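A quick write-up on the structure given underneath.
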There are 2 protein chains.
Amino acid sequence: MPKGKLFLIPSVLAENTAQQVISPQIREIIANTKIFLVENIRTTRRYISSLKLGVNLEEIHFELLDKDTPPETMSRLMLPLMNGADIGIISEAGCPGIADPGAVAVAFAHQKGIQVVPLSGPSSMFLALMGSGFSGQSFAFHGYLPIDKKERTAAIKKLEAESIREKRAQIFMETPFRNNQLLEDLLLSLHPNTNFASPKTSQDLTK
Amino acid sequence: MPKGKLFLIPSVLAENTAQQVISPQIREIIANTKIFLVENIRTTRRYISSLKLGVNLEEIHFELLDKDTPPETMSRLMLPLMNGADIGIISEAGCPGIADPGAVAVAFAHQKGIQVVPLSGPSSMFLALMGSGFSGQSFAFHGYLPIDKKERTAAIKKLEAESIREKRAQIFMETPFRNNQLLEDLLLSLHPNTNFASPKTSQDLTK
């Protein structure tokens, strides 16, 4: 029996945008997939509902996936692929495997000779970089900066030095409730000649 | 008069995929935009035609944009925005401004208080990273490596060292006709414990 495919399926960045930003390809694959490994089941159900595909959510099987999913659980989660069923990975927002769970499952699939199919869709990081006007010829993504003030300031200084040395745009994330604190730390720490850009909210990114 | 908006519009990575991978949002914006700054006029015409939007290509105005477009030309290219017309930027493949022209126009728009609207769509770099199974928690993009063999080997060694030190996935590009040479250089230069992934062709990325 041919093995199933592992689809990496981007999700929306903001509510009520699925009909506008999700491609026909993703709609078709979601409509034809019955097993999903997801970061958040409730969010994913809402995402799939919002696509208005006419699928019955009761017939879809969801399993949780996070970056700490142990190998033995991974074996079980991936078993349907060995038996010919397709599986879709959907993270809470944006692209699975990029600043989100998924990479471990993909690595596992490669080891087992399972075809991995990444799909194009929303990524807050890419929208932020495109919208910044900074050079996209060289950039790096660093996830979250440390929360501790001293460590965070040191991290900011290190990224700034690397940015100047390597002519590289630096991208990092913050949770909404810590955004203002991060902005303050950046304004205090960065050199006046260093450029900084921040999209106002994830909602903005899709408008 | 309100100023126009500058739309950053992703393009397809492979021919005959537009109907599948391009979102309704992008279709709508292209259908309603009459001025485009593009990396390649012929490719962009073909892209817009392939969307089957029913637009008359004769009514669309195309201007070339590259990363060396001088400031005085940029002023002229951006003038319609000041007069209330929207402009779309479309690169040859993937996302404008990321490893493609566009960033200079965006920076210019920010200076003039023009709203910049990045849109979600295909990016070969993101598909490659998602599909690799490498951690997307920390990664860097470096564009093209040097062509000179000695410089290239040095660049590979430097990226490998940084990858180990920073636990960072390293992404770079190559033109199709130099792909095999790059693969050979990587196999010769990289440590046996270093992981490497390569999507076979851009066509694969969209399947």
Side-chain angles (χ1 to χ4, degrees), chain A residues 8 10 12-13 17 19-26 28 67 94-100 102-111 116-123 125-144 162 166 168-169 195 197 199 205-207, chain B residues 8 10 12-13 17 19-26 28 67 94-100 102-111 116-123 125-144 166 168-169 195 197 199 204-207:
Chain A
L8 308 179
V12 289
L13 304 176
T17 58
Q19 294 284 351
Q20 278 297 294
V21 305
I22 299 301
S23 71
Q25 180 184 44
I26 289 179
E28 189 185 320
K67 62 180 169 29
C95 295
I98 299 186
D100 270 332
V104 176
V106 172
F108 189 97
H110 284 312
Q111 282 169 20
V116 174
V117 185
L119 301 168
S120 297
S123 157
M125 188 192 317
F126 251 43
L127 292 180
L129 180 60
M130 287 164 79
S132 70
F134 298 164
S135 167
Q137 306 297 326
S138 170
F139 64 88
F141 173 70
H142 306 278
Y144 292 94
E162 190 190 71
E166 307 284 344
R168 185 182 290 170
N195 287 312
L205 292 170
T206 65
K207 287 275 170 69
Chain B
L8 309 178
V12 290
L13 304 175
T17 58
Q19 293 284 353
Q20 279 296 292
V21 305
I22 298 301
S23 71
Q25 180 184 44
I26 289 179
E28 189 185 320
K67 61 180 169 30
C95 295
I98 299 187
D100 270 332
V104 176
V106 172
F108 189 96
H110 284 313
Q111 282 168 21
V116 174
V117 186
L119 301 168
S120 297
S123 156
M125 188 193 314
F126 251 42
L127 293 179
L129 180 59
M130 288 164 77
S132 70
F134 299 164
S135 168
Q137 307 297 324
S138 172
F139 63 89
F141 173 70
H142 306 278
Y144 292 93
E166 307 283 345
R168 186 181 290 171
N195 288 312
D204 281 351
L205 291 172
T206 64
K207 288 273 172 69

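Each chain gets a letter, A, B and so on, in the order its sequence line appears, and its residues count up from 1. Bear in mind the structure is a predicted one, so any value in this text is a computation, not a measurement.
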Closest approach of B/Ser120 and A/Ser123, non-hydrogen atoms and distance?
OG-N, 4.3 Å

With a 4.5 angstrom heavy-atom cut-off, which part of A/His142 approaches chain B: side chain, backbone, both or neither?
both

With respect to chain B, which residue among A/Pro96, A/Ala169, A/Gly102 yields the maximal number of heavy-atom pairs within a distance under 4.5 Å?
A/Pro96

What residue, out of A/Ala197, A/Ala140, A/Pro10, A/Ser135, has the most heavy-atom pairs lying under 4.5 Å from chain B?
A/Ala140

Given that the side chain runs from C-beta out, which part of A/Glu162 has a heavy atom under 4.5 Å from chain B: side chain, backbone, both or neither?
side chain

Comparing B/Gly121, B/Ala103, B/Gly97 against chain A, the one with the most heavy-atom pairs below 4.5 Å turns out to be B/Ala103

Is any side-chain heavy atom of A/Val106 closer than 4.5 Å to one of B/Ser132?
no

Honestly, the part of A/Leu8 sitting under 4.5 Å from a heavy atom of chain B is both

Aromatic plane relationship, A/Phe139 with B/Phe139 - under 30° parallel, 30 to 60° tilted, over 60° perpendicular
perpendicular

Quick one: are A/Gln20 and B/Glu28 in side-chain contact, heavy atoms under 4.5 Å?
yes

